[in-house]
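Every chain is numbered from 1, with letters handed out A, B, ... down the list of sequences. Hydrogens, waters and symmetry mates are skipped; everything else that's a heavy atom, side chains included, is used. Keep in mind that what you see is a predicted model, and the values were worked out from it rather than measured.
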2 protein chains.
Amino acid sequence: MTLPRPDPDAAPLRSSSEAVPHDLIELLFFAYRDFVGDPDRILADYGFGRAHHRVLHFVQRRPGLTIAELLDILQITKQSLNRVLKELVEKGYIEQRTGRQDKRQRHLHTTATGQDLALRLVRLQAKRINRALASVGPEAAATAAQYLSALIDPSEQPKVNRLLGKP
Amino acid sequence: MTLPRPDPDAAPLRSSSEAVPHDLIELLFFAYRDFVGDPDRILADYGFGRAHHRVLHFVQRRPGLTIAELLDILQITKQSLNRVLKELVEKGYIEQRTGRQDKRQRHLHTTATGQDLALRLVRLQAKRINRALASVGPEAAATAAQYLSALIDPSEQPKVNRLLGKP
DNA sequence: TGAGATATGTCAATAAGGCTGACCCAAATT
DNA sequence: AATTTGGGTCAGCCTTATTGACATATCTCA
């Protein structure tokens, strides 16, 4: 099966002086797909999906996170969050603790089981990333991080930087 | 609302000597989300979703693509592809031409309308990427491309390289 | 020529992960 | 005491994906 080559004349940029970096567009699609594919396969054994992974990941990373903070990070509705969070709590991967100062808040923590799974998943993703960095040279790490960071909505960047601990 | 900082001692890497680049893991999530968010908003006006976008994009990029080739790129089932492809054809964004040598094949092409939409979307994504490149320096483009490419499953890399026209 | 492989299309059922809208309670704030 | 905030929940809907089964046309090869 031979794929046709991209046709350079197919889309002349008449009304735009900006170049279109097709490779960066398509590579992000393929890279992201394979990147989340690894965890997906494991999560399926637990009856979890991608949404559970994200919740587990950020709770593991930021123990004590509240619901509101998690909603702000994930940018989904509380109904969507609640479904997966409830399952993670019921199955014993995440624990909710009522806030001490503000008793309305629920602070989220991974249980020992939750930590095991979160670590297993994050190591799997780290493996892929480290393999990539090894192949392009470790100097690329900083550049890649800066590039990905700059792709984020400027309005979201402060939040993400805080999240990553880079104020 | 103040987010707690990542807890560096929360997940000691007892059973792994590999470092875990949390920033690169999380940045990929945020970057991808915002990257596909732009087109999503536009597509909603047309009654299309992300799946339609991917089909339209690759057909625009590789005019004459067959169904089998597209399935191989997207890695979804033909039933999934068929639903969105049918809608794109019915609404006049994509055209199917029966193969000349092999009459079983359908060669896919964007219509004029399809090209307009595809270009609009690709320019939007290019804008975000070019903004990012401008902020980190254009030298970063090659590094970012290499890094993203190296994230892809090694078994898939030849295919992607062919697709991008870099053999 | 006839058998089998290939390319595509389609039906039906199911699941995951999102959404909106409408409520509810308890606790904090003013 | 009244209002706002943090969180939970019900119900219904959409999109994208899946599996499995089957249909049809066309191509290839013995």
Q) When you check the phosphate oxygens OP1 and OP2 of C/dG21, does a side-chain N or O of A/Gln79 lie under 4.0 Å from one of them? A) no

Q) Hey, is the main chain of B/Thr143 close enough, under 3.5 Å, to the side chain of A/Thr143 for a donor-acceptor pair? A) no

Q. Which is true for A/Arg50 with a 4.0 Å heavy-atom rule: it touches a base, it touches only sugar-phosphate, or it touches nothing?
A. sugar-phosphate

Q.
Taking only side-chain N and O atoms of B/Ser80, does any of them lie within less than 4.0 angstrom of OP1 or OP2 on D/dT18?
A. yes

Q: Using the ring of A/Phe35 (Phe, Tyr or Trp, six-membered ring only), decide whether A/Arg33 places NZ or CZ under 6.0 Å from its centre and within 45 degrees of its axis.
A: no

Q) Of the nucleotides C/dA28, D/dC22, D/dT16, which has the atom closest to the A/Asp102 side chain? A) C/dA28

(Q) Centre-to-centre under 6.0 Å for B/Phe48 and B/Tyr93, is that the case here? (A) yes

Q | Spacing of A/Leu81 atom CG relative to D/dG6 atom P, expressed in whole Å | A | 15 Å

(Q) Please report the distance, rounded to the nearest Å, between CG in A/Leu71 and C1' in D/dG8. (A) 12 Å

**Q.** Spacing of A/His53 atom NE2 relative to C/dA16 atom C1', expressed in whole Å
**A.** 16 Å

Q: Rounded to the nearest angstrom, tell me the gap between atom CG in A/Asn82 and atom P in C/dT20.
A: 16 Å

Q. Taking for each residue the nucleotide of DNA chain C with the nearest heavy atom, is it A/Gly47 or A/Ile76 whose nucleotide lies nearer the 5' end?
A. A/Gly47

Q: Would you tell me if any nitrogen or oxygen in the side chain of A/Gln96 comes within less than 4.0 Å of OP1 or OP2 on D/dG8?
A: yes

Q) For A/Pro39, does its backbone N or O pair with a side-chain atom of A/Gln125 as donor and acceptor, under 3.5 Å? A) no

Q | Side chain of A/Arg104 - closest among D/dG6, C/dA5, D/dC22 | A | D/dG6

Q: Could you tell me whether A/His107 contacts a base, only the sugar-phosphate backbone, or nothing, with contacts defined as non-hydrogen atoms closer than 4.0 Å?
A: nothing

Q. With distance as the sole test, does A/Glu69 use its side chain to make a donor-acceptor pair with the main-chain N or O of A/Thr66 at under 3.5 Å?
A. yes

(Q) Counting only side-chain nitrogens and oxygens, does B/Thr77 get under 4.0 Å of the OP1 or OP2 atom of D/dA17? (A) no

Q. Between atom CD in B/Gln101 and atom P in C/dT6, what is the gap in whole Å?
A. 18 Å

Q.
What is the separation between atom NZ on B/Lys103 and atom C1' on D/dT28, rounded to the nearest whole Å?
A. 15 Å

Q: Answer yes or no: does a side-chain N or O of B/His52 lie under 4.0 Å from OP1 or OP2 of D/dT16?
A: yes

Q.
In this structure, how many angstroms lie between the P atom of C/dG17 and the CZ atom of B/Arg33, rounded?
A. 16 Å

Q: Assign each of A/Arg83 and B/Gln105 to its nearest nucleotide of DNA chain C by heavy atoms, then name whichever residue's nucleotide is nearer the 5' end.
A: B/Gln105

Q | Side-chain donor/acceptor contact of A/Lys78 with base of D/dG6 under 3.5 Å | A | no

(Q) Quick check on D/dG8: is either OP1 or OP2 less than 4.0 Å from any side-chain nitrogen or oxygen of A/Arg106? (A) yes

Q) Would you call A/Lys127 and A/Asp38 a salt bridge, taking side-chain N to carboxylate O under 4.0 Å as the test? A) no

Q: Starting at atom NZ of A/Lys86, determine the distance to atom C1' of C/dG17, rounded to an integer number of angstrom.
A: 15 Å

Q: Classify the nucleic acid contact of B/Glu87 as base, sugar-phosphate or nothing, counting any heavy atom under 4.0 Å across all strands shown.
A: nothing

